[in-house]
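Every chain is numbered from 1, with letters handed out A, B, ... down the list of sequences.
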Amino acid sequence: MGSEEFQPVQGMSDIASPDIAVWQLLEQQARGVFARYGFSEVRTPLVERKSVFEHSLGDTTDVVQKEMYQFEDAGGRALVLRPEGTAGMMRHLAGMGQDAANARVYYIGPMFRRERPQAGRKRQFHQCGAEAIGETNAHADAEMIALQAHLLKEWGLQQSVIKINTRGAAADRAAVQRGMQEKLSAHRERLCDDCRRRLEVNVLRVLDCKNPGCREIVRTLPPMTAFMSDEARTYLEEVLRVIRRLELSVDVDPNLVRGLDYYQHTVWEISHPGLGAQDAVGAGGRYEISMGNRTLRGVGFAMGLERILMALASEKKTPEPAPLHGIWLVSLDHALLDIHLQLAQMLRMRGLDCGLDLNGRSVKAQMRAAGKSGARWVILHGAAEDEKGVFQLKDMLDGTQREVTMVELLEQLQR
RNA sequence: GUGGGUGUAGCUCAGUUGGUUAGAGCGUCAGGUUGUGGUCCUGAAUGUCGCGGGUUCGAAUCCCGUCACUCACCCCA
């Protein structure tokens, strides 16, 4: 077992072969989909001023209150490692003036939250997300959900479930909160300890409590939408109508709540049955975020890449082994290593994958390495070949081998 | 922040009621006569039994602490 000093810090991990190949593929596929919808990438810094998150996410959320990695730099500035992607994007867009009016942007990268790690929850985790700025508009919301569903499909996920709800307009919020508080207070004694706390701090969270007793009470309550304006309900209906036109399957869940404060109107969450307790692979919603003297209205979502990977694994969608590919150069005479390395370089400069062993190992060992590397072709070269100016070219697919000149060699390999 | 489970070779794990040089499979490396892979055979290397302390003639096995991993609560992607 490795000692502690070789381990990454708690809740963070090295991503290396073979997983890294899956990560690279997911990212590449995501970039392709985003491009089709006209979104362009923005890479904001991992470090932001603390205030960027305090104002936008909501000062009472756990993410802001206790989960951020924060520190002071030498100049006494209060900085944090970003816990999510949207706020940084809004800071970026707010600085762009009118150019941000119809921005469509996406990001892929690490986020940091000091939570207790568990299945599907790391302290450094990775999200990809998108934001579309614009006035409140049901078509924009539906398109965002469609984009997210498209991503899942591109990645090969089939079992995910989309749940949707509304948080109402900004003006509705107080009424909803007061209404739910009143209704729930009547059952205060029967609520679990957590929910009694939620009653004060964040009433809506009672709605998605997992405790059976609380769920029983919640079932008897009127839906959140009952406390909202007609406008909010109509807006949700409109979003649903457009979504149906796009042939997307979504379930309306009147108890769906999102954690961050900036959400308004449409909110949604995508969960996957193959995950553990942390089963949301992505979530999004419409929001209104103020940055300084500017207010940005938009709709966006984020997806947890670790969770996407877990979901893929649970659907057993791990990619099949690649077909034989590339070249391995076997040195039959170590005295000729100069020539062999030179040849390998020449092939690589021509765009070919070429491996060789530089440790002077036996031919048998080199052949084993060639087999393990998955190379399609093996070039063997020793003193005899050097004298005749030829190479042995072996096809690892069928095991056949023939003697070729340099010209023939290149012709075959570059085909 | 709270609670449960687990920590033995690179990986997956055995290790009997505490007993002397701690094991297996996989992987790695080497060999199976002259310069050839994937199968097969043979052999080899590798462990402060997570760390610290305690009990004992004796601890990988029992006790305490600690760290890490893991699952759940909480929170959230």
Original post:
For B:C69, which nucleotide in any strand shown is its Watson-Crick or wobble partner with both distances under 3.5 Å?
Top reply: B:G5
Original post:
At under 4.0 Å, does any side-chain N or O of A:Lys372 touch on OP1 or OP2 of B:C29?
Top reply: yes
**OP:** Indicate, with a heavy-atom threshold strictly under 4.0 Å, whether A:Gly120 touches base, sugar-phosphate, or nothing.
**Re:** base
**OP:** Check whether any side-chain nitrogen or oxygen of A:Gln118 sits under 4.0 Å from OP1 or OP2 of B:C71, and answer yes or no.
**Re:** no
Original post:
A:Glu385 near the nucleic acid: base, sugar-phosphate alone, or nothing, with a heavy-atom cut-off under 4.0 Å?
Top reply: base
Original post:
Looking only at heavy atoms, which two atoms of A:Ala140 and A:Val299 are closest? And how far apart?
Top reply: O-CG1, 4.0 Å
**OP:** Assign A:Gly282 to base, sugar-phosphate, or nothing according to its heavy-atom contacts below 4.0 angstrom with the strands shown.
**Re:** sugar-phosphate
**OP:** Report yes or no: do A:Tyr287 and A:Glu131 form a side-chain donor-acceptor pair below 3.5 Å?
**Re:** yes
Original post:
Contact class for A:Ala384 vs. all strands (heavy atom < 4.0 Å): base, sugar-phosphate, or nothing?
Top reply: base
Original post:
Looking for any heavy atom pair under 4.0 Å, which part of the strands does A:Glu84 touch: base, sugar-phosphate only, or nothing?
Top reply: nothing
**OP:** Compare side-chain N and O positions of A:Arg198 against OP1 and OP2 of B:C74 and report whether any pair is under 4.0 Å apart.
**Re:** yes
Original post:
Which value, in whole Å, describes the distance between the C1' atoms of nucleotides B:C49 and B:A68?
Top reply: 16 Å
**OP:** Using both distances under 3.5 Å as the test, list the Watson-Crick or G-U wobble partner of B:U56, or none.
**Re:** none
Original post:
Taking OP1 and OP2 of B:G38, is either one under 4.0 Å from a side-chain nitrogen or oxygen of A:Arg368?
Top reply: yes
**OP:** Sticking with atom P, work out how far B:G52 lies from B:G15, rounded to a whole angstrom.
**Re:** 25 Å
**OP:** Could you check which nucleotide pairs with B:G23 in any of the strands shown, counting Watson-Crick or G-U wobble with both distances under 3.5 Å?
**Re:** B:C13
Subject >> Donor/acceptor link under 3.5 angstrom from A:Gln392 side chain onto base of B:U36 >> reply: no
Subject >> Nucleotide forming a Watson-Crick or wobble pair with B:C74, both distances under 3.5 Å >> reply: none
Original post:
Base, sugar-phosphate, or nothing for A:Ala370, non-hydrogen atoms under 4.0 angstrom?
Top reply: nothing
Subject >> Separation of B:A77 P from A:Phe112 CZ (nearest whole Å) >> reply: 17 Å
Subject >> Short side-chain N/O contact to B:U70 OP1/OP2 from A:Arg121, under 4.0 Å >> reply: no
Subject >> Under 3.5 Å on both distances, the Watson-Crick or G-U partner of B:G43 >> reply: B:C29
**OP:** In whole angstrom, give me the gap between the P atoms of B:C13 and B:C76.
**Re:** 34 Å
Subject >> Sugar-phosphate only, base, or nothing, as touched by A:Gly85 at under 4.0 Å among non-hydrogen atoms >> reply: nothing
Original post:
Hey, is the side chain of A:Arg258 poking within less than 4.0 Å of OP1 or OP2 on B:A77, counting only N and O atoms?
Top reply: yes
Original post:
Contact class for A:Glu67 (heavy atom, under 4.0 Å): base, sugar-phosphate, or nothing?
Top reply: sugar-phosphate
Original post:
Considering every strand shown, what is the Watson-Crick or G-U wobble mate of B:U36 when both distances are under 3.5 Å?
Top reply: none
Original post:
In Watson-Crick or G-U wobble terms, both distances under 3.5 Å, what is the partner of B:C49?
Top reply: none
**OP:** For residues A:Phe34 and A:Tyr106, establish whether the separation of their ring centroids is below 6.0 Å.
**Re:** yes
**OP:** Starting from the 5' end of RNA chain B, give me the residue, A:Glu269 or A:Met367, whose nearest nucleotide shows up first.
**Re:** A:Met367
**OP:** Please confirm whether A:His150 and A:Tyr37 have ring centers closer than 6.0 angstrom.
**Re:** yes
Original post:
Reckon A:Lys210 has a side-chain N or O less than 4.0 Å from the OP1 or OP2 of B:C73?
Top reply: yes
Original post:
Reckon A:Phe301 touches a base, only the sugar-phosphate, or nothing at all at heavy-atom distances under 4.0 Å?
Top reply: nothing
Original post:
Which of these nucleotides, B:C74, B:A77, B:C73, is closest to any side-chain atom of A:Arg197?
Top reply: B:C74
Subject >> Under-4.0 Å side-chain N/O to phosphate OP1/OP2 contact, A:Arg114 with B:C75 >> reply: no
**OP:** Indicate whether OP1 or OP2 belonging to B:U36 is found under 4.0 Å from a side-chain N or O atom of A:Gln366.
**Re:** no
**OP:** For A:Gln412 and A:Trp377, test the side chains for any donor-to-acceptor distance below 3.5 angstrom and give the result as yes or no.
**Re:** no
**OP:** State whether A:Ser362 places a side-chain N or O below 4.0 Å from either non-bridging phosphate oxygen (OP1 or OP2) of B:G31.
**Re:** yes
**OP:** To the nearest 0.5 Å, tell me how far A:Leu343 CG sits from A:Leu336 CG.
**Re:** 11.5 Å
Original post:
Mapping A:Gly276 and A:Arg113 onto RNA chain B by nearest heavy atom, which one lands closer to the 5' end?
Top reply: A:Gly276
Subject >> Nearest-angstrom distance from the residue atom NZ of A:Lys66 to P of B:C75 >> reply: 8 Å
